[in-house]
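Here, residue 1 is the first one in the sequence, and each next residue gets the next number.
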Amino acid sequence: MQWRPALPVTQVVDVAGPRADGRLVLAADGRLELMQPGHSPAPFARGSNGYATPTGPEPYIAVSRGDAVARAGCRFPRDAVYALEPQAPAGVIAVDARGRARRLLDLPGAGLPGGIAFDRTGRFGHRLLVTRTLNRRTTVLAIDCRGRARTITSSAPAMEGGLAVAPRTFGRFAGHLIAPDEHSGRIVAVAPSGRTRLVARSGLAAGPDIGVESAGFVPNGFGPGWSAYLADRVSPGNPHPGDDVLLALSARSLTRAGVRPGDLLVSGEGGAQTIAIRCDARCSVRHVAGGPQVAHAEGHIAFARTR
């Protein structure tokens with residue numbers, strides 16, 4: 001089984017969602033686009049109050065489901081997009097469902113912002129989780145809907161790319177932040193207490209621009225009429241130079257490979273080699289898909305209905 005090109009997208013670095021209307025959000029070439037699966041993407045958040053960032057470092061994104069942060073007395077607006085701003089001063093940009101952008105906060109501390117994900121289980125208080133990495137150590141920040149940040153840990157392993165909070169069915173790591181470490185090929189979990197543990201060894205190639213990068217949990221209801229999506233960005237001079245396409249895998253193919261809702265899909269940056277991890281009393285790992293040899297995978301793995 002292999003990831004297939006779904007459509008060309010210039011400098012695509014991430015895909016998130018879907019929104020309530022079923023459309024996915026793409027981060028591409030320093031801008032945002034909306035895409036109804038099966039159709040070409042359309043520009044989003046353009047104009048004087050819109051969103052733009054320099055190309056280069058990866059401005060990964062997350063889409064809000066509208067969860068309330070009880071201790072902050074507010075909620076993240078439904079379908080708002082939150083984008084990492086890697087350029088100094090590093091921060092997070094909030095883009096509402098109508099495409100109006102504002103700076104949510106400047107990130108405290110030092111290091112390159114490398115990951116962003118919403119806590120949809122409540123173990124982190126339904127906050128937005130963001131990472132910064134410096135000298136191979138990662139700080140995990142939990143950010144509320146008022147833009148206030150607190151540190152979960154400042155000593156996690158290096159992690160970057162498609163972060164995701166595990167659903168309640170993911171064994172002893174339920175509700176933990178799950179992240180890939182491309183340098184070692186390991187998948188790690190960060191608990192709300194800040195404790196970091198090994199989930200599994202990926203068995204994929206390890207190293208910068210090659211190792212595990214992208215991740216996403218297969219949602220409830222995933223089945224016929226759904227697909228998984230992954231960004232494949234052109235990266236000149238890289239052993240896996242990329243294609244500037246959005247890759248797709250059908251639910252039918254994944255189901256035939258034994259993948260089911262609640263499993264974690266993880267792809268390597270080089271070649272989009274993909275594994276599925278299932279955690280019950282123990283965690284199991286199996287290879288489920290490959291990608292085009294040239295693929296340069298980035299960001300999250302997202303799931304949406306195609307019809």
Taking C-beta and beyond as the side chain, do R127 and R71 meet within less than 4.5 Å on heavy atoms? yes
Are the side chain of D232 and the backbone of D243 linked by a donor-acceptor contact shorter than 3.5 Å? yes
Close side-chain approach of R305 to W226, heavy-atom, < 4.5 Å: yes
Can any side-chain N or O of D29 pair as donor or acceptor with the backbone N or O of T10 at less than 3.5 Å? no
Determine whether more than 12 heavy atoms belonging to other residues, nucleotides or ligands lie under 6.0 Å from atom CZ of R197. yes
Do the side chains of R233 and E58 get close enough for a salt bridge, i.e. N-O under 4.0 angstrom? yes
CZ on R186 to CG on D181, rounded to 0.5 Å: 5.5 Å
Could you walk me through whether D21 and R23 pass salt bridge (charged side-chain N to carboxylate O under 4.0 Å, His left out), step by step? CA-CA 6 Å; D21 61 9; R23 289 186 289 180; 2.9 Å; yes
Less than 4.5 Å apart, side chain to side chain, heavy atoms only: is that true for V285 and I277? yes
Measure across S64 and R120 and return the closest heavy-atom pair with its distance rounded to 0.1 Å. C-NH2, 4.5 Å
Within the distance-only criterion (no hydrogens, no angle test), does the side chain of S202 pair as donor or acceptor with the backbone N or O of G185 below 3.5 angstrom? yes
Quick check: do P59 and I61 have side-chain heavy atoms less than 4.5 Å from each other? no
For Y82 and P77, the nearest pair of non-hydrogen atoms, with its separation, is OH-CD, 3.3 Å
Between the side chains of T53 and Q87, does any donor sit under 3.5 Å from an acceptor? no
D244 versus P8: any side-chain heavy-atom pair under 4.5 Å? no
Above 12 or not: heavy atoms from other molecules or residues under 6.0 Å from CZ of R103? yes
Would you please name every residue forming a side chain to side chain contact (heavy atoms under 4.5 Å, CB included) with H240, sequence neighbours left out? N238, Q293, H296
Does any non-hydrogen side-chain atom of R19 lie less than 4.5 Å from one of L34? yes
Indicate yes or no for a side-chain donor-acceptor contact from R146 to the backbone of G73 under 3.5 Å, with no hydrogens or angles considered. yes
For A16 and A62, which heavy atoms make the closest approach, and how far apart are they? CB-CA, 4.4 Å
Sequence neighbours excluded, every pair satisfying side-chain hydrogen bond (donor to acceptor under 3.5 Å, both in side chains) that has a member inside residues 273-283: W3-T274, D263-R278, S267-T274, Q273-H287
Backbone N or O of I210 within a donor-acceptor pair of the E182 side chain at under 3.5 Å? no
When you compare the side chain of L254 with that of V218, does any pair of heavy atoms fall below 4.5 Å? no
Do V190 and M159 have side chains that get closer than 4.5 Å, going by heavy atoms? yes
With sequence neighbours excluded, give me every side-chain hydrogen bond (donor to acceptor under 3.5 Å, both in side chains) pair touching residues 212-222. Y60-E213
Enter the distance from L104:CG to I143:CD1 here, rounded to the nearest 0.5 Å. 6.5 Å
Across all chains, not counting sequence neighbours, the ring pair (Phe, Tyr, Trp, His ring centres under 6.0 Å) partners of F303 are F222
Identified side-chain contact (heavy atoms from CB on, under 4.5 Å) partner of L163 from the options I116, L129, T131: T131
Nearest heavy-atom neighbours spanning A257 and R286: O-NE, 3.7 Å
Side-chain polar contacts of residues 167-180 - donor-acceptor pairs under 3.5 angstrom, sequence neighbours left out - could you list them?
unit_1 : atom_1 : unit_2 : atom_2 : d
R168   : NH2    : T121   : O      : 2.6

So how far is it from L112 CG to L107 CG, rounded to the nearest 0.5 Å? 10.5 Å
Taking all atoms of both residues into account, what is the closest heavy-atom pair of V63 and F118, and its distance? O-CD1, 3.6 Å
With sequence neighbours left out, write down each residue that passes salt bridge (Lys or Arg N to Asp or Glu O under 4.0 Å) with D67, or none if nothing qualifies. R65
